[in-house]
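Quick note on labels: first sequence line is chain A, next is B, and so on, each numbered from 1.
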Amino acid sequence: MPLIRSVFQDELDGVSQTLLDLTAMVCTAISEATTSVLNRDLTIAEKVIETDDRIDDMQHELDGRIITIIARQQPVATDLRALVTALRMSADLERMGDMAHHVAKITRMRHPETAIPTELIALIKNMGETALAIATKMGQVIATRNVDLALEVERDDDEMDQLHRQLISTLIAPQWSHGVESAIDLTLLGRYYERFADHAVSVSRRVHFLVTGNYS
Amino acid sequence: MPLIRSVFQDELDGVSQTLLDLTAMVCTAISEATTSVLNRDLTIAEKVIETDDRIDDMQHELDGRIITIIARQQPVATDLRALVTALRMSADLERMGDMAHHVAKITRMRHPETAIPTELIALIKNMGETALAIATKMGQVIATRNVDLALEVERDDDEMDQLHRQLISTLIAPQWSHGVESAIDLTLLGRYYERFADHAVSVSRRVHFLVTGNYS
Amino acid sequence: MATNATVVSAMKPTMPWQPTRGDRARSVIRLLISALLTYGIVALTPLKGKLAYFFVFIALSTFITAVDKFRAGGKKAAQDSFVSALALTAGVIVFLPVASILFTTVSRGVKGFHKTLLTDTMAKASITDPISMGGILHAIVGTIMIVLLASIISVPLSIMTALYLTEIKGRASGFIQFLVQAMSGIPSIVAGIFIYAAILVNTALRGSAIIGALALAILMIPTVTRTSQEVLRLIPNDLREAGLALGATQWKTVATIVLPAARSGLVTAFILGVARIAGETAPLLFTIGAADTLNLNPINGANSALPYYTWRTLTGGTPESMQRAWTAILVLLIVVLALFITARSISRRRIS
Amino acid sequence: MSTTVHTTVAPREISTRPRPSDRLFRAILNVMSYSSLLILTLIGTFLIFRGFETFRDQGFKFITGFEWTSNVVDGVEKGTFGIGAMIIGTLLIAFTAIAIGVPISAMTALYLNFYAPAKAKALLTTILDLMAAFPSILFGLWGYFVLAPMAEYWAKLLYKYFRWIPIFDAPQPAFARSPFIAALVLTVMIIPIVTSVSREVFSQAPLDRIQAAYALGATKWAMIRTVVIPFGASGVVGGAMLGLGRAMGETVAIYMVLNIAFINNLHILYGVGGNVASMIVQKWGESGLVESKALLAAGFVLFMLTLIVNSIANLIVRYAVKSGK
Amino acid sequence: MSAHEDLNSQNDNNGEDMTIANAQPSHAAPKSLSEVSANRLKDRTPGNAPLGTGLEARNIHAWFSKHLAVQDISLDFAAGTVTALIGPSGCGKSTFIRTLNRMHEFIPGAAMAGEVLLNGKDIYERGTDVTKIRLQIGMVFQKPNPFPSMTIGENVLSGLKLAQLKVTNKDDLMEECLERAGLWNEVKDRLGAHAGGLSGGQQQRLCIARSLAVNPKVLLMDEPCSALDPGSTLRIEETIGELAKSMTIIIVTHNMQQAARVSDYTAFFLSDGGPGKLIEVGPTNEIFSTPRDQRTENYVSGRFG
Amino acid sequence: MSAHEDLNSQNDNNGEDMTIANAQPSHAAPKSLSEVSANRLKDRTPGNAPLGTGLEARNIHAWFSKHLAVQDISLDFAAGTVTALIGPSGCGKSTFIRTLNRMHEFIPGAAMAGEVLLNGKDIYERGTDVTKIRLQIGMVFQKPNPFPSMTIGENVLSGLKLAQLKVTNKDDLMEECLERAGLWNEVKDRLGAHAGGLSGGQQQRLCIARSLAVNPKVLLMDEPCSALDPGSTLRIEETIGELAKSMTIIIVTHNMQQAARVSDYTAFFLSDGGPGKLIEVGPTNEIFSTPRDQRTENYVSGRFG
Ligand SMILES: Nc1ncnc2c1ncn2[C@@H]1O[C@H](COP(=O)(O)OP(=O)(O)OP(=O)(O)O)[C@@H](O)[C@H]1O
Ligand SMILES: Nc1ncnc2c1ncn2[C@@H]1O[C@H](COP(=O)(O)OP(=O)(O)OP(=O)(O)O)[C@@H](O)[C@H]1O
Ligand SMILES: [Mg+2]
Ligand SMILES: [Mg+2]
Ligand SMILES: O=P([O-])([O-])[O-]
């Protein structure tokens with residue numbers, strides 16, 4: 001007998017697809033936000049900010065859809081967990097979009113100056129790339145529900161924490177010469193990347209719940 | 001005919017109650033975190049950190065319970081919105097607990113020094129009190145589902161933003177004499193209070209969705 | 001749109017599916033045409049008599065209606081109207097003999113009513129005497145006695161057999177069911193001569209009410225058994241299971257739940273059984289002897305009964321005796337009708 | 001749980017020994033239910049026991065013979081008894097009645113269930129039930145006084161126009177007290193049984209199926225053809241068989257309208273006929289000892305005849321009901 | 001659809017309704033929440049033309065003798081949509097749905113008021129051939145009711161036989177209908193078997209196939225799954241989803257989840273002691289997430305009183 | 001419970017089972033997720049003593065003639081809990097539940113193997129008075145079946161009459177039972193009326209009240225709501241919740257949501273062509289959120305195949 005419930009299955013698949021779409025948008029956003037802050041590129045920054053609005057809309061739409069599916073299909077067990085998990089993932093993804101938005105806002109705030117002193121460009125670039133890598137990997141975790149891959153995301157996050165610590169120690173080192181204002185900018189910038197990665201970890205962890213039904 | 005569904009109603013009430021309990025814990029946490037950071041009080045800081053663990057556990061338990069209720073009672077319309085909203089609120093509340101935790105961690109990190117220069121004590125105290133006030137009001141919004149009160153929370157958040165801006169301008173003012181490290185601490189501290197208030201606003205806004213079914 | 005835009009204006013109920021005045025007029029016209037044609041055909045052909053009118057009219061009106069319907073709705077409609085005409089005809093055919101029987105019986109029977117009809121016997125009168133003499137008291141009493149005795153014998157047996165078939169459903173159920181059905185086919189005369197052959201031949205016993213009742217009981221058993229069985233079968237099995245699940249024994253379940261639930265149905269079964277035997281003549285010819293006088297002793301001495309009395313008076317052959325027959329049969333008819341109406345009102349009460 | 005015990009488990013014997021009260025109850029019903037067997041056996045036994053001498057003396061000719069004479073020679077009663085004509089007459093009348101009555105009954109049942117307006121339905125149902133309750137002697141009286149004169153006229157018409165059909169032919173134009181008239185009386189008598197059985201079955205035609213047919217655009221007749229008749233055909237057959245059984249055993253009414261004679265006659269319009277039951281009544285009064293034994297033997301034959309017809313009827317109904325489902 | 005050519009030519013209103021259906025239940029403005037359903041609708045109304053304009057009920061009242069059972073119900077059923085009728089027992093759902101194909105009139109003493117427009121024509125108009133109406137508005141009942149005396153194949157074609165329609169290629173039609181009802185694979189090897197041997201769910205799909213054979217525009221279903229187990233129920237729901245691509249479906253159900261699952265629009269009836277009335281109608285998403293009327297909310301969320 | 005004194009003294013195993021129930025379905029270790037249900041359980045087993053140790057089915061097999069319908073089912077029903085039996089049609093739920101109060105044996109040719117322990121005693125033991133067993137294990141059926149020849153009040157007390165038990169204060173008992181079945185308020189003014197006049201849902205509650213009158217320890221319910229509308233269904237579910245405080249309840253249901261709503265434990269049966277088997281049993285929360293067996297997951301989430 002073939003699988004029944006085809007409509008429901010289509011709807012579940014649609015939710016997964018939207019999560020992947022959101023992930024893709026978030027990846028673009030963080031990558032472009034990094035570019036904008038490194039290159040003082042206001043146009044790209046504006047684009048990121050705009051993307052975030054679209055991410056927010058999409059998230060709202062997705063949440064509404066998930067609630068409708070729960071109301072109409074009344075799923076239980078794995079199906080219900082998948083939907084509730086999607087609901088939470090979408091919140092994380094939205095926050096990740098916000099973080100990219102915040103990064104882009106720093107570009108805008110300092111424009112036409114640069115927010116990043118030359119000696120930190122490499123570090124920030126590294127953070128941006130790590131963030132992108134984590135987000136990409138997170139997308140794979142969503143798509144494959146692979147719990148092992150989720151662990152890798154956590155390891156990448158450790159790397160991000162490492163970079164973050166490195167950033168702070170640079171700021172508080174006596175050699176620091178760019179003043180308090182710049183330090184504050186960079187503190188926040190670092191925190192944004194760090195939080196971005198945290199949210200990615202959180203999304204990956206939710207896959208664990210989805211698969212096993214338990215919080216790890 | 002009396003209301004049927006008494007078991008379900010009890011369960012819904014239980015969820016609301018847990019949200020209120022969480023709110024109370026969050027209020028205590030932020031208030032104590034402020035005290036600890038102002039008074040360099042390590043004991044209280046440790047207590048806050050421990051409270052956060054309990055908040056996390058409680059949130060997990062609540063989420064599990066909500067999923068079970070959805071699976072077992074298969075609610076629709078307002079009931080379903082109430083549960084989904086509770087699921088999101090619990091995430092916000094958990095983040096608010098985290099923020100208090102972060103504040104307390106600053107106390108611990110700087111101990112036995114103080115993290116707050118004397119000239120900022122009043123401001124931080126004010127931020128702490130505003131945060132508490134917002135969280136308390138948020139609790140009332142949860143309890144009463146009063147959409148107007150939710151607007152007040154947003155106004156209080158504006159006040160918080162105001163204080164935050166004031167803090168940052170103090171830090172970047174040329175008069176600043178406490179060095180970059182302290183400035184970084186205070187930047188993060190400020191951001192914690194500001195995010196705390198943001199989450200409270202987010203909780204209040206969810207009440208709007210709960211009542212009307214629309215995102216405002 | 002779409003909400004009940006509170007049109008409180010009271011809409012009037014309509015029945016758009018019912019024939020309109022036009023439709024009715026059309027069918028009247030069809031019947032008139034059929035009648036005219038019938039008249040013409042009977043006048044012009046060798047067909048004669050009421051019967052000819054009847055059949056020609058039916059055939060014509062059926063045909064004309066079918067043709068008319070065909071023009072409006074095609075073959076489907078024509079077939080439909082043809083069959084409905086046939087069905088109506090059958091109903092009329094059934095109606096006619098009953099009307100005739102009732103009319104004949106009443107119109108002929110009432111002529112024999114007189115003062116002492118219900119209070120006197122034929123002890124001092126002969127059946128060929130003028131109508132105003134004698135009466136049928138002895139026959140009425142005899143009938144009542146015989147029917148009661150037959151019921152006393154057959155009802156318990158019948159209900160127990162029905163219970164066996166519905167409650168115990170024992171291994172022999174199929175066989176017993178078969179026997180009961182076979183019994184319902186026993187011709188009444190066979191019951192009569194059986195009792196005669198079994199009891200009256202070669203014994204000192206003579207015909208009496210009880211002997212007649214035995215013959216009638218044979219006829220009554222299958223009717224009561226089968227009706228009771230139907231009634232008991234209608235009692236949902238859930239009820240029995242509910243009783244058993246409450247810790248009752250089967251006997252208690254039957255006595256407290258099944259039988260009370262079936263009570264009115266069982267009464268109906270009993271009355272139908274009585275109606276079945278009250279008019280029986282043939283078995284009594286051999287079994288109750290022949291009495292013209294009142295005999296209150298059911299187990300001894302010849303007795304009479306209404307059908308039996310009718311039979312006897314018929315054989316008299318004179319106008320007086322014929323008149324007595326019609327009158328007796330009218331009384332019997334009234335008795336049977338009364339039973340019948342009682343049974344129906346009971347079963348109707350059960351439905352509501 | 002479900003600890004996969006793969007051993008084959010033997011059914012356990014359940015001790016369903018009922019309480020004494022139940023055992024008594026079941027025992028009583030068991031015994032009582034055999035009363036019908038007892039009665040049937042007794043009837044058969046007694047009739048054959050009393051009629052034994054007749055069977056012995058007459059042999060097979062008792063069934064096939066057409067002669068019935070009895071005389072006293074030297075104080076000894078002697079006779080030749082053959083009821084062939086009676087048996088043939090019985091069957092002829094009964095089948096004729098069925099042939100006329102069943103179509104009318106079936107159509108009436110359809111009319112009642114599907115065509116009649118509420119009032120007509122109530123009236124006609126009452127009338128049918130009434131007919132069933134009429135004493136048979138009443139039918140006899142009515143048949144004799146009212147129906148017979150009319151039917152004689154119909155018989156003449158039939159004879160006139162249809163005598164080319166063998167059974168409507170007659171050796172002489174004598175139509176009074178013919179099998180035809182007896183059959184008409186019987187027709188009226190069996191219509192209520194056949195109709196009520198058919199109506200009952202038709203009315204049980206499942207409403208949901210009827211509605212399904214209508215919802216598929218059926219006219220009333222199309223619906224009846226597709227739903228009601230397949231469902232109820234067995235019921236009509238059953239009703240017809242019951243009617244047949246009744247028709248074969250009818251005594252008094254036939255006695256009054258039929259000219260009983262020991263002549264083999266298959267022409268229904270011809271005023272000579274036979275009927276076992278009526279013959280017994282006719283001969284009973286003046287019969288001597290030997291003849292009355294012959295009459296009891298005739299009763300036994302009639303008994304067996306109706307028993308066989310009814311058994312066949314039951315088999316047919318049972319088969320029809322099973323295949324209908 | 002080739003097998004239907006003869007049938008179509010019977011339905012005299014075939015050419016005139018080629019316009020796009022504009023009949024829409026009241027609050028039908030597309031919302032973000034209803035995207036899923038909107039998608040479904042898109043699937044279901046490809047060219048829209050063969051589906052006609054759907055069915056419109058205008059101010060329907062229905063009486064049983066003097067008893068007003070249904071009061072003033074106006075509902076539009078857009079072509080190619082599934083509308084669920086929900087409401088507590090006795091609120092007149094069955095009565096209403098039975099006025100839509102003139103089955104109401106079989107009840108002695110029944111009366112009605114209002115209009116039911118099929119392709120713009122009132123089916124209660126005088127002189128309408130009611131059997132033709134019922135051919136265009138099929139019905140599936142609560143209990144599966146195949147004709148037991150017929151084989152599976154004969155059952156599918158029974159509508160043609162009953163309505164005395166001719167069809168050129170019976171085998172194709174049989175296969176097409178069984179296919180659309182989702183039963184073909186299960187019965188293709190035993191079309192000659194008696195329908196009684198099928199399971200309840202299969203019987204119900206056979207009844208659906210039977211309705212399809214006369215090529216109705218509208219299919220009414222009165223609690224079609226209430227006598228079935230959940231597996232068969234889901235199977236039927238899937239079939240409904242498929243069918244809605246080519247016809248208008250109206251389904252009465254006691255099962256709120258079923259209404260939520262299968263329908264595009266939901267109408268809520270309530271009786272309150274008096275006659276049944278329409279309380280609210282709207283896209284199913286809205287009825288189950290943000291109903292406007294408190295009584296609707298109470299009903300769909302299982303609250304009473 | 002005062003009205004029950006006489007009855008209790010009839011049940012000869014009254015004193016011996018004052019120990020705390022330790023019979024627990026297999027994976028009954030309390031989980032965080034099951035807090036709600038755990039709370040319920042707490043409510044329901046106040047002193048635990050009057051509830052006994054519940055019912056235990058051990059290796060139950062059931063045959064219809066040679067046909068094995070149910071194979072090797074072992075289930076413990078802890079006192080004061082509600083256990084739902086779910087599974088597709090024909091998987092032997094009814095058969096199993098009917099072995100629990102010895103109703104199975106009414107079917108000609110029925111046979112069984114295994115043991116059913118009520119308070120530790122096998123109800124199939126030789127010499128057991130089966131009528132007494134059925135007094136202690138009540139049963140409510142699919143279709144409401146009050147005794148039509150009795151009034152409402154008589155119906156409630158019919159169990160006493162049938163089992164020929166005496167009770168001191170009939171009126172109190174009647175009120176108590178109707179109260180517990182949640183029907184008292186609706187019928188208190190017409191106890192003398194015939195039961196046929198009640199609605200379906202009320203009739204079913206009357207049947208529950210009838211079962212309660214003989215003070216059973218266990219109540220079996222075979223799809224008690226499948227013939228009822230959703231309102232009455234919720235009402236009955238509420239009653240079940242109340243009753244579980246004072247007795248052990250086992251309910252067969254086709255309605256997954258119902259199982260989810262009312263039960264503390266859920267057992268999933270499946271037949272797979274052969275005899276019905278127990279696939280999984282556990283706290284309802286787990287069965288509906290994290291079932292262990294894939295087949296259970298498929299069934300509860302409406303997937304088949
Ligand atoms: N044949 C009938 N004769 C008289 N009244 C009827 C008849 N059928 C229904 N009614 C009445 O009409 C009203 C509506 O009944 P209807 O069957 O349409 O309700 P429903 O919504 O379909 O209920 P359910 O969900 O139980 O099927 C009820 O009050 C009912 O009592
Ligand atoms: N009286 C009977 N005689 C023979 N076989 C039976 C009988 N009752 C049930 N069975 C068989 O036993 C098996 C289990 O039936 P049972 O009624 O217990 O299933 P169920 O799970 O209750 O199904 P449902 O959910 O449809 O009520 C089925 O295969 C059925 O065919
Ligand atoms: Mg209905
Ligand atoms: Mg069952
Ligand atoms: O609430 P945050 O995403 O800033 O941690």
Side-chain angles (χ1 to χ4, degrees), chain C residues 49 51 76-77 79-80 83-84 86-88 90-91 93-95 97-98 100-101 104-105 157 160-161 163-165 168 170 172 176 178-183 185-190 193-194 197-198 201 218 221 249-251 275 279 281-282 285 307 310-311 325-326 329 332-333 336-337 340, chain D residues 18-19 21-22 25-26 28-30 32-33 35-37 39-40 42-43 46-47 50 104 107-108 110-111 115-116 124 127-131 133-138 141-142 145-146 153-154 188 191 219-221 245 248-249 251-252 277 280-281 284 296 299 302-303 306-307 309-311 314:
Chain C
L51 200 66
K76 265 197 315 189
Q79 277 183 3
D80 198 37
V83 176
S84 59
L86 282 189
L88 176 63
I93 291 178
V94 169
F95 177 78
V98 176
S100 167
I101 290 173
T104 318
T105 311
L157 268 182
M160 282 195 266
T161 307
L163 282 177
Y164 176 82
L165 292 173
I168 299 197
I176 302 284
F178 175 81
L179 291 175
V180 170
Q181 301 235 348
M183 228 178 131
I186 297 176
S188 53
I189 186 167
V190 170
I193 59 173
F194 157 62
V201 175
I218 294 174
I221 284 175
T249 56
Q250 186 175 24
W251 143 244
T281 314
L285 297 179
T310 310
W311 175 264
W326 280 112
I329 202 84
L332 178 59
L333 189 61
V336 170
L337 281 189
F340 166 76
Chain D
R19 287 193 178 185
S21 61
D22 258 6
F25 172 66
R26 296 171 78 102
I28 290 175
L29 292 192
N30 246 311
M32 288 306 174
S33 69
S35 57
S36 49
L37 178 64
I39 291 168
L40 282 169
L42 283 178
I43 293 176
F46 268 102
L47 291 181
R50 303 284 184 213
I104 294 176
M107 285 312 281
T108 307
L110 285 181
Y111 176 73
Y115 292 95
L124 206 51
I127 282 175
L128 280 164
D129 291 351
L130 255 179
M131 270 170 100
F134 285 171
S136 53
I137 190 169
L138 174 55
L141 268 176
W142 173 77
F145 285 104
V146 182
Y153 169 68
W154 303 340
V188 176
I191 276 178
T219 57
K220 197 170 269 184
W221 166 235
M248 284 173 39
T251 315
V252 178
I280 295 173
V281 171
W284 191 265
L296 290 178
L302 178 62
F303 172 64
T306 50
L307 212 56
V309 167
N310 268 292
S311 305
N314 288 337

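- For the pair C:Gln79 and D:Thr219, the minimum side-chain heavy-atom distance is 4.5 Å or more.
- Using a 4.5 Å cut-off between heavy atoms, D:Leu128 touches chain C through its side chain atoms alone.
- Of the atoms belonging to D:Leu124, it is side-chain heavy atoms, and not backbone ones, that fall under 4.5 Å from chain C.
- Counting heavy-atom pairs under 4.5 Å between each of C:Pro307, C:Ala325, C:Gly185 and chain D puts C:Gly185 at the top.
- Highest contact tally toward chain C, considering only D:Ile127, D:Ile39, D:Leu141, is held by D:Leu141 [criterion: heavy-atom pairs under 4.5 Å].
- Both the backbone and the side chain of C:Ile189 come within less than 4.5 Å of a heavy atom of chain D.
- We find the CG-CZ distance between C:Leu333 and C:Phe340 to be 11.0 Å, quoted to the nearest 0.5 Å.
- Heavy-atom distances place both the backbone and the side chain of C:Ser84 under 4.5 Å from chain D.
- Comparing C:Ala182, C:Ser100, C:Gly279 by heavy-atom pairs within less than 4.5 Å of chain D, the highest count is held by C:Ser100.
- D:Arg50 contributes a side-chain N or O that, together with a main-chain N or O of C:Ala197, makes up a donor-acceptor pair within less than 3.5 Å.
- A 4.5 Å side-chain heavy-atom check between C:Ile186 and C:Phe194 finds every atom pair outside the cut-off.
- With a 4.5 angstrom heavy-atom cutoff, C:Val336 touches chain D only via side-chain atoms.
- The contact between D:Leu40 and chain C is made entirely by side chain atoms (from C-beta outward), counting heavy-atom distances below 4.5 Å.
- Of the residues considered (D:Gly245, D:Ser136, D:Ser36), D:Ser36 shows the highest number of contacts with chain C, using heavy-atom pairs under 4.5 Å.
- Of the listed residues C:Ile101, C:Thr249, C:Leu163, the one with more heavy-atom pairs under 4.5 angstrom with chain D than any other is C:Ile101.
- In this structure, the portion of D:Tyr115 lying under 4.5 Å from any heavy atom of chain C is its side chain and not its backbone.
- Contacts of D:Ile191 with chain C are made by side-chain atoms alone, with heavy-atom separations under 4.5 Å and no backbone atom involved.
- Both the backbone and the side chain of C:Leu88 come within contact range of chain D, with heavy atoms under 4.5 Å apart.
- Judged purely by atom type and a 3.5 angstrom limit, C:Asp80 has no side-chain atom pairing as donor or acceptor with the backbone of C:Lys76.
- Applying the ring-ring contact (aromatic ring centres under 6.0 Å, His included) test to C:Trp326 and every residue at least two apart in sequence or in another chain returns D:Phe145.
- Options D:Thr306, D:Ile43, D:Thr251, D:Asn310 differ in how many heavy-atom pairs under 4.5 Å they form with chain C, and the most are formed by D:Ile43.
- Contact count versus chain D (heavy atoms, under 4.5 Å) is highest, among C:Leu285, C:Val180, C:Leu165, C:Thr104, for C:Thr104.
- Put simply, the side chain of C:Ile329 reaches to within 4.5 Å of the side chain of C:Leu332, judged on heavy atoms.
- When the candidates C:Val190, C:Val98, C:Ile176, C:Thr161 are compared by the number of heavy-atom contacts under 4.5 Å with chain D, C:Ile176 comes out ahead.
- Top candidate by heavy-atom pairs under 4.5 Å with chain C, chosen from D:Val309, D:Leu37, D:Ile28, is D:Leu37.
- Minimum interatomic distance between C:Ala87 and D:Tyr111 (heavy atoms only, all atoms of both residues): O-CB, 3.4 Å.
- The contact between D:Val281 and chain C is made by backbone and side chain atoms together, counting heavy-atom distances below 4.5 Å.
- Among the candidates D:Leu47, D:Leu138, D:Ile104, the residue making the largest number of heavy-atom pairs closer than 4.5 Å to chain C is D:Leu138.
- Remark: D:Asp129 pairs with C:Arg344 by the salt bridge (charged side-chain N to carboxylate O under 4.0 Å, His left out) rule, at least two apart or across chains.
- Between the side chain of D:Asp22 and the backbone N or O of C:Gln250, at least one donor-acceptor pair lies under 3.5 Å.
- For the residue pair C:Ile218 and C:Met183, the shortest heavy atom distance occurs at O-CE, 3.6 Å.
- Taking chain D as the reference chain and counting heavy-atom pairs below 4.5 Å, the highest number among C:Ala282, C:Ser188, C:Ala198, C:Ala275 is found for C:Ala198.
- With a threshold of 4.5 angstrom between heavy atoms, D:Ser311 approaches chain C through its backbone and through its side chain.
- Within the 4.5 angstrom heavy-atom criterion, only side-chain atoms of D:Leu307, from C-beta onward, approach chain C.
- For the atom pair CD1 of D:Ile137 and OG1 of C:Thr310, the computed distance is 5.0 Å after rounding to the nearest 0.5 Å.
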